**Student:** 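Before I ask anything, let me first share the structure, which is written out below as structure tokens.
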Protein chains: 2
Amino acid sequence: MARTTGSIGVETAERIRAAAEQLFAARGFAAVSMREIAGAVGVQAAALYNHFSNKQALLEDLLVTHMDSLIAAWKSEAAADETAGKTLERFARFHIRYHVERSDAVFISYMELRNLEPENFRRVESLRKTYEGFVVDILEAGRASGEFELTDTRITAMAIIAMLTGVNTWYRSRGRLSLSEIEDIYTTMVLRSAGAQQKEASCLAAE
Amino acid sequence: MARTTGSIGVETAERIRAAAEQLFAARGFAAVSMREIAGAVGVQAAALYNHFSNKQALLEDLLVTHMDSLIAAWKSEAAADETAGKTLERFARFHIRYHVERSDAVFISYMELRNLEPENFRRVESLRKTYEGFVVDILEAGRASGEFELTDTRITAMAIIAMLTGVNTWYRSRGRLSLSEIEDIYTTMVLRSAGAQQKEASCLAAE
DNA sequence: GTCTATACTCGGATAGAC
DNA sequence: GTCTATCCGAGTATAGAC
């Protein structure tokens, strides 16, 4: 989207989005006022209505944009020809990194769904299903090829996504482990959850 | 807690707790007014202040009570002498069932932490750490005994808890699978995540 | 312990000048 | 596109009667 004025750096709409995202994540949609958002941007509250028709539209914009970007990012990351195990590993690393780097947007996307009006809710839910479907597809492929051994692809997909997204609740960039180390650990757990054959030693003695 | 009046069924404080829990879960702490809670109970808003000093105290009561009960429930469920694998399975089933049956309290406990004032927040966080510690302990024991094979007990504990709690986001009591079936599937995934030796076939060929 | 009434503050949103 | 000014409804919480 191009600038409409040449004046100050980022256009106002984008600064409103950024301010709202940060405030909604920190304190919740209902607890944040339009005046606060305006204050963070450096304009009066009335000016926000030149860019978003109301508070609801602002929330809906943030959630839809986030889900659209997430889906597009995975589509461009997913490689066509590789084993299901390799794809699942790629997904695990992608999901962790993408979510950790956008913790505000992720937080809002999970917490503020209930504040969406029905039509907007359905739209965002549908995007979420699309994303979950990516994991189901990987698991189906791995089961079909014999790489994975699992009972229920849908449940396993939900479990894997929940596990990976959970990193956001405790991750701190200056923490004990680097993001790469965290990715390694989770990759192992995700593959094990799917019943992937492990190259390493976990098969010492069955029984 | 005993009744203070013999008049109408449950005492008012308990009915306030129940109404607040349901409303906070459905629409969020900030979005729910004291008038609404009072309306659900069948009293005037001013009457709530006879039982809770303010809205914050009501939220704090709900979160602390929930965490206390959760911790007590696991303590009474945990058996002393059994293998780590068996204990982890018991924990997985316990966690799923307990959380699914109290979805409102669970939801609030995760979502409304940020609305707690600092002192109350620290108190609830400390209880949460206690609960997470139970899982860390099980994993440590299993690693020490050679039952589990994992890189990092703390990370694995967080991943397991996130995976199990995730059931709440999609579980419906009249859904495709029974709670027992769900528990079975998750138990397998949790044990695999911890690198537990499986009796079943997942060890066909290493490499 | 609950009521009615109310103080006081703040919310979203709009009108109209510039 | 942003401002100032404003409408009006709703929020938490308290005072005082019963």
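By convention in this document, chain letters (A, B, ...) are assigned in the order of the sequence lines, proteins followed by strands, and residues within each chain are numbered from 1. Just so you know, these numbers come straight off a predicted model, no measurement behind them. Hydrogens, waters and symmetry mates play no part in the numbers below; they use all other heavy atoms, side chains included.
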**Student:** Tell me: CD of A/Glu11 to C1' of D/dT2, nearest whole Å?
**Tutor:**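 Result: 16 Å.
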**Student:** Scan for salt bridge (Lys or Arg N to Asp or Glu O under 4.0 Å) pairs involving residues 40-54 of chain B, sequence neighbours excluded, and state none if there are none.
**Tutor:**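 Residue pairs passing salt bridge (Lys or Arg N to Asp or Glu O under 4.0 Å), neighbours aside: none found.
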**Student:** In this structure, is the centre-to-centre distance between the rings of A/Phe94 and A/Phe134 below 6.0 Å?
**Tutor:**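 Ring centres of A/Phe94 and A/Phe134 not closer than 6.0 Å.
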**Student:** With B/Arg35, which residues qualify under side-chain hydrogen bond (donor to acceptor under 3.5 Å, both in side chains), at least two apart?
**Tutor:**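 Partners of B/Arg35 under the side-chain hydrogen bond (donor to acceptor under 3.5 Å, both in side chains) test: none.
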**Student:** Identify, residue by residue, the members of residues 111-123 of chain A with a heavy atom below 4.0 Å from DNA chain C, and return them in order of residue number, or none.
**Tutor:**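 Result for residues 111-123 of chain A: none.
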**Student:** Which of the following nucleotides, C/dT2, D/dA13, D/dG1, is nearest to the side chain of B/Asn50?
**Tutor:**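 Selected nucleotide (nearest to the side chain): C/dT2.
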**Student:** Of all residues at least two apart in sequence or in a different chain, which pass the side-chain hydrogen bond (donor to acceptor under 3.5 Å, both in side chains) check with A/Ser193?
**Tutor:**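 B/Ser193.
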**Student:** Applying side chain to side chain donor-acceptor pair (under 3.5 Å), which residue pairs with at least one partner in residues 49-59 of chain B are found, sequence neighbours left out?
**Tutor:**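 Qualifying pairs, neighbours excluded: B/Gln56-B/Asn120.
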**Student:** Hey, which sits more toward the 5' end of DNA chain C by its nearest nucleotide, B/Val43 or A/Phe29?
**Tutor:**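 First, find each residue's nearest nucleotide; the 5'-ward one identifies B/Val43.
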**Student:** Would you kindly give the CD1-to-C1' distance between A/Ile16 and D/dT2, to the nearest whole Å?
**Tutor:**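 Nearest whole value for this atom pair: 11 Å.
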**Student:** Using a cut-off of strictly less than 4.0 Å, decide whether A/Thr12 has a side-chain nitrogen or oxygen near OP1 or OP2 of D/dT2.
**Tutor:**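 Result: yes.
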**Student:** Are A/Glu149 and B/Arg192 within salt-bridge range, i.e. N to O under 4.0 Å?
**Tutor:**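 A salt bridge links A/Glu149 with B/Arg192.
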**Student:** Using a 3.5 Å cut-off and no angle test, enumerate the donor-acceptor pairs between side-chain atoms of residues 63-74 of chain B and protein atoms at least two apart in sequence or in another chain.
**Tutor:**
residue : atom : partner : partner atom : Å
B/Thr65 : OG1  : B/Asp61 : O            : 2.7
B/Ser69 : OG   : B/Thr65 : O            : 2.8

**Student:** OH of A/Tyr49 versus C1' of D/dT2: gap in Å, rounded?
**Tutor:**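 It is 15 Å, rounded to the nearest whole Å.
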**Student:** Write down the distance between CD (B/Gln44) and P (C/dG1), rounded to a whole number of angstrom.
**Tutor:**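 After rounding, the gap between these two atoms is 17 Å.
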**Student:** Just to verify, what does A/Arg102 make a salt bridge (Lys or Arg N to Asp or Glu O under 4.0 Å) with, not counting sequence neighbours?
**Tutor:**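 Scan of A/Arg102 (salt bridge (Lys or Arg N to Asp or Glu O under 4.0 Å), adjacent residues dropped) gives none.
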**Student:** Output all residues satisfying salt bridge (Lys or Arg N to Asp or Glu O under 4.0 Å) with A/Arg123, sequence neighbours left out; order by chain, then residue number.
**Tutor:**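 With sequence neighbours excluded, A/Arg123 shows a salt bridge (Lys or Arg N to Asp or Glu O under 4.0 Å) to A/Glu60, given in chain and number order.
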**Student:** Over how many whole Å does the gap from A/Phe52 atom CZ to D/dG1 atom P extend?
**Tutor:**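 Atom-to-atom, A/Phe52 to D/dG1, this comes out as 12 Å.
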**Student:** Nearest-Å distance, CG (B/Leu58) to P (D/dT12)?
**Tutor:**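 Spelled out: CG on B/Leu58 to P on D/dT12 is 11 Å.
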**Student:** Identify all pairs in which a protein N or O lies below 3.5 Å from an N or O of nucleotides 16-18 of chain C, and state each distance.
**Tutor:**
none

**Student:** What are the atom names and distances for every N/O pair under 3.5 Å that joins the protein to nucleotides 6-11 of chain C?
**Tutor:**
residue : atom : partner : partner atom : Å
C/dG11  : OP1  : A/Ser33 : OG           : 3.4

**Student:** Figure out the NE2/C1' separation between A/His51 and C/dA13, and round it to whole Å.
**Tutor:**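 Those two atoms, NE2 and C1', are 16 Å apart.
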**Student:** With sequence neighbours left out, which residue pairs that include part of residues 136-148 of chain A fulfil the salt bridge (Lys or Arg N to Asp or Glu O under 4.0 Å) condition?
**Tutor:**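 As it turns out, the salt bridge (Lys or Arg N to Asp or Glu O under 4.0 Å) pairs with a partner in residues 136-148 of chain A, which skip direct neighbours, are A/Glu140-A/Arg143.
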**Student:** Quick test of your reading: applying ring-ring contact (aromatic ring centres under 6.0 Å, His included), list the pairs with at least one residue in residues 144-181 of chain A, sequence neighbours left out, ordered by first then second residue.
**Tutor:**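 Passing the test, one end in residues 144-181 of chain A: no pairs.
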